[in-house]
Number of protein chains: 2
Amino acid sequence: MTRSGGTLGGMPGRKTAETAGNRPATISDVARLAGVSVGTVSKALNGRGSLRAETRHRVLSAAEQLGFQPNKAAVALNSGRTYTVGMITTDTIGRFSIPLMMGAEDALGAGEMSVFLCDARDDPIREQYYLRTLLSRRVDGIIVTGRRTQARPPIGTGLPIPVVYAFISSTDKGDCSVVPDEAGGAAKAIDHLLAVGRRRIAHITGPEHHHSATVRAAAAADRLAEAGLGLAGPPLFGEWSENWGRQAAKIVLSGDNEIDAIFCGSDQIARGVADAVRASGRRIPEDVALVGFDNWDVMALGSQPPLTSVDMDLEKLGRTAAELLLAAIGGRPSPGRHTNPCRLVIRGSTAS
Amino acid sequence: MTRSGGTLGGMPGRKTAETAGNRPATISDVARLAGVSVGTVSKALNGRGSLRAETRHRVLSAAEQLGFQPNKAAVALNSGRTYTVGMITTDTIGRFSIPLMMGAEDALGAGEMSVFLCDARDDPIREQYYLRTLLSRRVDGIIVTGRRTQARPPIGTGLPIPVVYAFISSTDKGDCSVVPDEAGGAAKAIDHLLAVGRRRIAHITGPEHHHSATVRAAAAADRLAEAGLGLAGPPLFGEWSENWGRQAAKIVLSGDNEIDAIFCGSDQIARGVADAVRASGRRIPEDVALVGFDNWDVMALGSQPPLTSVDMDLEKLGRTAAELLLAAIGGRPSPGRHTNPCRLVIRGSTAS
DNA sequence: TTGAAAGCGCTAACAG
DNA sequence: CTGTTAGCGCTTTCAA
């Protein structure tokens, strides 16, 4: 017992050497135990300066013995760096945010960065509240994500730290955004359907006011036009639901022109379409080939047959965003819009 | 220009008064501008001590003008409190962790707490790495979540800060855990099926080695026994997939005893079951009533008809965990296992 | 009512 | 090679 225990409450329990359940060891505890000064401890622990091997070793084992963990708040205070970033999901954490966050968290964790999670729930007030909090905590940078790809106003202007937008993008062209190449993904879907011999391709998708729906629909039509063809009928805009997929499929199938493929704006829609197609007595993919979008495993694999789908590679996108943020924090910003390619994952709904 | 700008790089852009894009304002900047001492600023900003109204006002407007945000690292350093908690998802962030995290984040945000996100991905090494990081950052407490309800070894012993387990629980009875009452949920499902007149009830669920599967199966059997009945055949253990649901349903339907209801261990399984039941020419719920578990919107609502399902109220569970953690941080710990009731959500698969 | 000064835990100069 | 000292930004006595 070299230290007086203080009066912080005496919970017994298992302890790591001197570090009882109460106060975490500080650098001067280590110094005292090793019989050196705090400066020496700092050098030993950070490998700075030049010390006798014996001293260094003595310090290290003292630190070990006390279970010493440097207080990051103190480090932050005089380095000006917190090794912390904020991640704001502007709309609720959901199916799209998760892989993004996981990718980002992964890349940042490797860079010794900790991540503050902020769920703004589509509320601009909450968003600004979180922004202030993060600035107050002096995070080194911020990642902004959302569930829609549509550009949004910047979360702040003239901020003292870099910001990277992931999946969503900023309306300010100078801001750094990482977005999926949805148009390219739609083109890949069409190319694939053409490659497996389909010519009468319909498109069923989400609401017309939804950015992704219009982008994907336009890209599909363009790609077909480049091939000297056109969509079999105008795109059917509706909801992002299985139910709409079922309804829309009925409409498409009852049309006079016999279609041989349907490209859907989402896997949920595609799944509804699949059910309706099968109910109509047609076979997938023999009579009607089907391509979805999102490659949402539970939908794509639960479907019968499993769905060919466009994967936006959200985890990679999150990782990229994190890397760009780290670079920007390091003084190497990459302003502007960065596009990530989509992958086409081929499964039973198009493979004959 | 009362301050020399420093040499931190002269990005122009919009600024908040003096606070150019570079160094955030400190308390002494405010003091200088207001013509008072830093101590006075501190008091004015925190409403401590007694100041002349005029002085207080002058300080406040100076702070406002500079866009001053107190540096939390400095506050943490001499208060010993960081107003920060860590949230460790032991297995990958997924369908179960999200509502938990959202609930917790919500409750904590209201308490002015920021949340560190740590995804340990089922890797004990990563888990310990994150634990050390969090301790080094001097978080005030930790929430541990996971995708399984089974008890797990404590994440650490003799930790200097409180830990609350959410959804999963700790094998140490003294640790604070918040778990859903899965058995109670299963009982509610059975009660409901009995109430709508079903007597020959089968059970299809996930792997036998999965804690939730066995708990729910046992509770269902118990409840039926209490009603003087039994399950129509032994529980069918398999996978948590639609595919297994389809297979198992075929087995159940081909049996000699005509069943009139199936209680499923998950909505995914229930959905597969629904497809197979309909394919067999039977009607839901007229011939066979169906209850799922999890109330996973996309599965329960995508099913035809929509599924009656047991909801574990994960968001509430996360919120409760956060509240218990806040209490523990405040010196009012609630050791032991806390159980949260499940709700039964009735939909078309049982409502005739 | 206000100011001066000490100190939270750590790092980085500068002496010795 | 090691110790001393001055801060980082803020709060909190204690004097004035």
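Worth knowing before you read on, the calculation uses all heavy atoms, side chains too, and leaves out hydrogens, waters and symmetry mates. On a predicted model such as this, the values are computed, not experimentally measured, just so you know. Within every chain, numbering begins at 1; the chains are lettered A, B, ... in the order of the sequence lines, protein sequences first and strands thereafter.
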Item checked: Touch class at under 4.0 angstrom, heavy-atom based, for B:Thr26 against every strand present -> sugar-phosphate
Notebook entry, point to check: Taking for each residue the nucleotide of DNA chain C bearing the nearest heavy atom, is the 5' side occupied by B:Asn78 or by B:Arg56?
Noted result: B:Arg56
Notebook entry, point to check: Under 4.0 angstrom, heavy atoms only, what part of the nucleic acid is A:Val36 near: base, sugar-phosphate, or nothing?
Noted result: sugar-phosphate
Note to self: Measuring from atom OG1 of B:Thr133 to atom CD of A:Glu112, what distance do you get when rounded to the nearest 0.5 angstrom?
What the structure shows: 7.5 Å
Item checked: Distance, rounded to the nearest Å, where B:Ile27 contributes CD1 and C:dA5 contributes C1' -> 14 Å
Checklist line | Donor-acceptor under 3.5 Å (B:Ser136 side chain, B:Arg132 main chain) | finding: no
Next item on the list: Check the distance between C:dG9's P and B:Asn71's CG and give it to me in whole angstrom.
Entry: 16 Å
Note to self: Does a side-chain N or O of B:Thr40 approach OP1 or OP2 of C:dT2 to a distance below 4.0 Å, or not?
What the structure shows: no
Check: Within the structure shown, what part of the strands sits under 4.0 Å from B:Thr55 by heavy-atom distance: base, sugar-phosphate, or nothing?
Finding: sugar-phosphate
Check: What integer distance in Å separates A:Phe68:CZ from C:dG9:C1'?
Finding: 8 Å
Next item on the list: Mark yes or no for whether A:Thr92, through its side chain, and A:Gly94, through its backbone, hold a donor-acceptor pair below 3.5 Å.
Entry: no
Next item on the list: Run the salt-bridge test on A:Arg121 and A:Asp119 with the 4.0 Å N-O cut-off and return the result as yes or no.
Entry: yes
Check: How close or far is atom P of C:dC10 from atom OH of A:Tyr83, stated in whole angstroms?
Finding: 16 Å
Check: Quick one: A:Arg48 CZ to C:dC10 C1', roughly how many Å, whole number?
Finding: 11 Å
Margin query: If I take atom CZ in residue B:Arg138 and atom C1' in nucleotide C:dC10, what distance separates them, rounded to the nearest angstrom?
Written below: 11 Å
Checklist line | Selected nucleotide, minimal atom distance to B:Leu77 side chain, candidates C:dC8, C:dT11, C:dT2 | finding: C:dC8
Checklist line | Along DNA chain D, first and last positions that approach a heavy atom of chain A under 4.0 Å | finding: D:dC1 to D:dG9
Margin query: Here's a test of your reading of the structure: between A:Val41 and B:Gly35, which maps to the more 5' nucleotide of DNA chain C?
Written below: B:Gly35
Item checked: Between C1' of C:dG3 and CZ of B:Arg52, the distance in whole Å -> 14 Å
Check: For A:Arg337, does the CZ atom sit with more than 12 other heavy atoms under 6.0 Å from it, leaving out its own atoms?
Finding: no
Check: Quick check: does any side chain N or O of B:Asn46 sit under 3.5 Å from a backbone N or O of B:Lys43, one acting as donor and the other as acceptor?
Finding: no
Margin query: Distance alone, cut at 3.5 Å: any donor-acceptor contact between the side chains of A:Thr82 and A:Arg138?
Written below: no
